There are 2 protein chains.
Amino acid sequence: MSKIQDVANLAGVSVATVSRVLNNSPKVSAKTRLNVINAVKELNYEPNLLGRNLRRSETKMILVLLQNISNPFYSKVIKGMEDYGHKNNYNVMFCNTDSNIEREKKYLDLLKNKLVDGVIFMAPEIDIYTMNTIGKNYPLIQCCEYLENSQISRVSIDNEKAAFEAVEYLIKNGHKKIGLINSKKPHQSSKDREKGYRRALYENNIQIDESLIRYESYGFKGGINAIKSFVDEKKVPDALFTVSDIIAIGAIKALKSFNFNVPDDISIIGFDNLSISSMYDPILSTVSQPRYELGNKAMELIIEIIKNKKNIIKNVVLNHQLLIRESTKKE
Amino acid sequence: MSKIQDVANLAGVSVATVSRVLNNSPKVSAKTRLNVINAVKELNYEPNLLGRNLRRSETKMILVLLQNISNPFYSKVIKGMEDYGHKNNYNVMFCNTDSNIEREKKYLDLLKNKLVDGVIFMAPEIDIYTMNTIGKNYPLIQCCEYLENSQISRVSIDNEKAAFEAVEYLIKNGHKKIGLINSKKPHQSSKDREKGYRRALYENNIQIDESLIRYESYGFKGGINAIKSFVDEKKVPDALFTVSDIIAIGAIKALKSFNFNVPDDISIIGFDNLSISSMYDPILSTVSQPRYELGNKAMELIIEIIKNKKNIIKNVVLNHQLLIRESTKKE
DNA sequence: TTGTAGGCGTTATCAT
DNA sequence: ATGATAACGCCTACAA
């Protein structure tokens, strides 16, 4: 494996000149540059970036911490991050925390150990104090999910408003007994979506019936369990808002098994517009987040912090969209 | 940000001793070790791994190249890789190639630039010659998908046999007009699955009817299109084998829209046992790959290569499983 | 058991 | 425009 000195020898120049050529410095004569380039080719030279990284004290690598990479929600967010990152010569590394705080902390060591230049959180597990402390010393951004009141910039949608609109749509279309299936885990987005649900009922003079609210695991089974418990209690809502598509799909599957028809008997609105939601039968009405843009923006913000070394706290809110499709009955 | 020298100063020892403590060298007196540890804590010292990596010329980082991280097939494979990697002090980095050869080559630079210690391919785009060449100089492994006859170790299932068994099951249960929906992209696994399909028909004395075979995009739409074309040609099979669950689900969705019942009118067997396949209605019969183990083994192999520096070509074949569920009619 | 010092491969400053 | 050389932070002979 050849190193910069070998190239220098072959080209008959100093390592400094080789380095200049490699880094596109303008102060190299055309002739020398050509010499060097030929030597590089002849030796099949590949710069050892460990040396460069140490010297420059940067890695051009961003770490993205998410709950689990296989969550379909992330796919477009990831794309948005990668695109912006690559355009700016950054590589992006995605790591699963599995909602495990120890694991998250382990990954944060990559930051402290200078192996990555910045971290984007998509589902922070650490407490707000730790997050703020790390954020004082290292570039940090929160994307989609976040700790409220933290001193760390974030980009997300307005979850409260989105939920409000979804539930209001159900109300405007004649539904009265509107249930909520929320996640057991009290993420900020879930809390906000529940707030929106409650406000929509409140502002439309519908008494909130706590027996129509369920807190379940965030997934297919959560939806199934919620429906089972509604059926058990012989009190099935005439419409449902769920904090995720995957919960909604579980709910639909369970409703079918109890011979309820969606949307004729029950309307359902999910959240996130996952690809599966348009494959399902019926195609799910849902709230769509601008996932690509969320990722893109998060990457923009972190690179900005890295470059500017200063940290102005920003709360970027992007627009969501209510998608009405087959799982909701129109009045 | 403190460095090793600061710790040494505070502890009243040399940097060598600090380094020894950090690396758990046994030749440090208990007292000195304690001193150092205290100094480390007091200064909140975090070693700069860029220095270490350069010095040791390793990063303890494995790069996994896959088509797209959001493909649900990968989720458990990824978990298997991470678990084995972490247990052996390796970090794992997953990157999307989007089936783009340029992008793949770009990521391979991380290997040449010494930023990762090895690469696992899950859907190689580069040609066999390039792969072999790189494999001569750097640790490489193929997982699930692979280039046949390459000089690079791999771990996968026996796709031909798995397909054979699936199709034979359909035959044994009374189906005669058995269609195949394959992927347009001629990946090795798809080719092998088609081989298995053909062999099953052949060995059971069923004439292969090429008009029952479709090559479509690898996804939901592929399944839909295939069914549309069968219906257009007024020649719908009485059973279908598809090379992926997601194609199978597209097919089911389309069949429903044409008022075919699965499995009463048509039996379908997919491939991969994606989580969505057990959420669907009907629950999909499919071939399950030991995805966690595939990932685990691939990681084991690459770490082995890295440690041993020698490269014995291995073809590891793990066992698949035919899962018969709701989308197939029993005779 | 501990310290000294050289070197990993690169970049960047300062001469020339 | 080019070269010599000192870092970057760490590890590890080798010496003591």
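Here the structure is a predicted model, which means the values were calculated and not measured. First the proteins, then the strands, lettered A, B, ... as listed; each starts at 1.
- Side-chain atoms of A:Leu22 and A:Tyr45, non-hydrogen and from C-beta on, do get closer than 4.5 Å to each other.
- Protein atom CG of B:Leu22 is 6 Å distant from nucleotide atom P of D:dC11, rounded to whole Å.
- Two residues, A:Lys3 and A:Arg20, neighbour DNA chain C, and the one matched to the more 5' nucleotide by heavy-atom proximity is A:Lys3.
- Distance, A:Asn48 CG to D:dC10 P: 17 Å, rounded to whole Å.
- Residue B:Asn9 contributes atom CG, which lies 11 Å from atom P of C:dG3 at whole-angstrom precision.
- Among the nucleotides C:dA12, C:dT11, C:dT4, the one closest to any side-chain atom of A:Arg52 is C:dT11.
- What separates NZ of A:Lys27 from C1' of C:dT11 is a distance of 12 Å, to the nearest Å.
- Between the CG atom of B:Asp6 and the P atom of D:dC8 there is a distance of 11 Å, rounded to whole Å.
- For A:Arg55 against C:dT11, a side-chain N or O and a base N or O form a donor-acceptor pair under 3.5 Å.
- Side-chain contact between A:Arg103 and B:Glu82 is present, with heavy atoms from C-beta onward closer than 4.5 Å.
- Distances from the side chain of B:Ile4 to the nucleotides C:dT10, D:dC10, C:dT2 place D:dC10 closest.
- Heavy atoms of B:Asn23 sit under 4.0 angstrom from primed sugar atoms or phosphate atoms, though from no base atom.
- Distances shorter than 4.0 Å separate some side-chain N or O of A:Thr32 from OP1 or OP2 on D:dT2.
- At whole-Å resolution of the value, CG in B:Leu50 and P in C:dT11 are 14 Å apart.
- Closest to the B:Tyr45 side chain, of the nucleotides D:dC10, C:dT2, D:dC11, is D:dC10.
- In this entry the distance linking CD of A:Glu58 with P of C:dG9 reads 20 Å, nearest Å.
- For the residue pair B:Glu300 / B:Asn296, no side-chain donor-acceptor distance below 3.5 Å is found, with atom types taken as modelled.
- Residues A:Asn38 and A:Glu42 have side chains that never bring a donor and an acceptor to within less than 3.5 angstrom of each other.
- Proximity of B:Ser57 to the phosphate of C:dG9: no side-chain N or O atom is located under 4.0 Å from OP1 or OP2.
- An OP1 or OP2 oxygen of C:dT11 is reached within less than 4.0 angstrom by a side-chain nitrogen or oxygen of A:Ser19.
- At the heavy-atom level, B:Leu54 lies under 4.0 Å from base atoms of the strands shown.
- Along DNA chain D, the nucleotide nearest B:Gly51 and the nucleotide nearest A:Ser14 are compared for position; the residue whose nucleotide lies closer to the 5' end is A:Ser14.
- To the nearest angstrom, P of C:dT11 lies 11 Å from CG of A:Asn24.
- Using a 4.0 Å heavy-atom cutoff across all strands shown, B:Thr17 reaches sugar-phosphate atoms only and no base atom.
- No side-chain donor from either of B:Ser150 and B:Asn132 sits under 3.5 Å from a side-chain acceptor of the other.
- With hydrogens and angles left out, the side-chain atoms of A:Asn68 and A:Ser70 include a donor and acceptor closer than 3.5 Å.
- When distances are taken from the side chain of A:Ala16 to each of D:dA1, D:dC10, C:dA12, the shortest belongs to C:dA12.
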